[in-house]
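Here the structure comes first, spelled out in structure tokens, and everything after it is commentary.
FYI, the numbering just counts along the sequence from 1. Quick caveat: nothing in here was measured; it's all calculated off a predicted structure.
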Amino acid sequence: EPLERAAATGKRNGMKRSKPPALATWLLEHARFTTTDVIAGDLLEEFNKGRSAAWYWRQALVAIVVGCASEVRHHRVLAARAILITWAANYGALLLGRLEMIELSERHFLAYNPQLAVWAICFLGSLASGLIVALLHRGHRNAMLLTGAAGLLGWALMAIVFLKAASLQHPLLHIIAEASIVDYLVILAGFAIGGFLLTPAPKPGAPSSGNPSPAY
């Protein structure tokens, strides 16, 4: 592993051994982009030379963003498909949550908290969308999931800013526009759990669905 090799090099060279931020290191190790595998060892080596934790965090996040952007740039069609799947699944979940779930919950304990019913269906819908995106893009799982999550944020901003400003009257659009920030946090949490935690981590360089993915 790049980090282990860098640590061993630092020890041989008499460098001061110190531990970099654990979460930043974990993110680098699990990002699984081509660039992050190469950069991880360099960052640890520089950190052992006296760089600060803030510097390490900044470089780690830049490496992840650059690695993800590079992968998305080479697989634009897959990225567009991931965004469309994410939008469609979560739009349907919000629609079902607002129009159906509250009525169905009147016969159960959720009748005492209709908002909990909405959060439940939103969470399940986003969980399913995360699973679908991850399973359809196994070789590029992390990049496509991050793309889908960014699509969700863009979707929320579009609803909050554009739809409300335009005073659109379509009832389906208002379902998105009226969703709260907590609703979107629930959706993002479900998407992350379904995509990152319930599917196996991809191996570096593994092709999507067993076949090399076309570069666009």
Return the minimal non-hydrogen interatomic distance between [X] and [Y], and the atom names on each side.
| X | Y | value |
| --- | --- | --- |
| Thr86 | Ser129 | CA-CB, 4.4 Å |
| Leu28 | Leu43 | CD1-CD1, 3.7 Å |
| Ala63 | Ile39 | CB-CD1, 4.0 Å |
| Met144 | Ala82 | O-CB, 3.9 Å |

Interatomic spacing from [atom1] in [X] to [atom2] in [Y] - rounded to 0.5 Å:
| X | Y | atom1 | atom2 | answer |
| --- | --- | --- | --- | --- |
| Arg141 | Leu146 | CZ | CG | 9.5 Å |
| Leu145 | Phe191 | CG | CZ | 5.0 Å |
| Leu131 | Ile85 | CG | CD1 | 12.0 Å |

Side chain to side chain, [X] and [Y], heavy atoms closer than 4.5 Å:
| X | Y | value |
| --- | --- | --- |
| Thr147 | Val133 | no |
| Glu46 | Tyr56 | no |
| Leu127 | Leu198 | yes |
| Pro21 | Trp26 | no |
| Ser126 | Leu188 | no |
| Phe123 | Ile187 | no |

- Message: Between Arg58 (side chain only) and Ala53 (backbone N and O only), is there a donor and an acceptor less than 3.5 Å apart?
- Response: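 No, Arg58 side chain to Ala53 backbone: no donor-acceptor pair under 3.5 Å.
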- Task: Give the cluster check for Leu61 versus Phe196: same hydrophobic cluster or not, with ILVMFWY residues linked at side-chain heavy-atom distances below 4.5 Å.
- Result: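 Yes, it is one cluster - the side chains of Leu61 and Phe196 are joined through contacts under 4.5 Å.
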- Message: So if I apply the side chain to side chain contact (heavy atoms under 4.5 Å, CB included) rule between His75 and each of Val77, Val72, Leu78, which one comes out positive?
- Response: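 The side chain to side chain contact (heavy atoms under 4.5 Å, CB included) with His75 is passed solely by Leu78 among Val77, Val72, Leu78.
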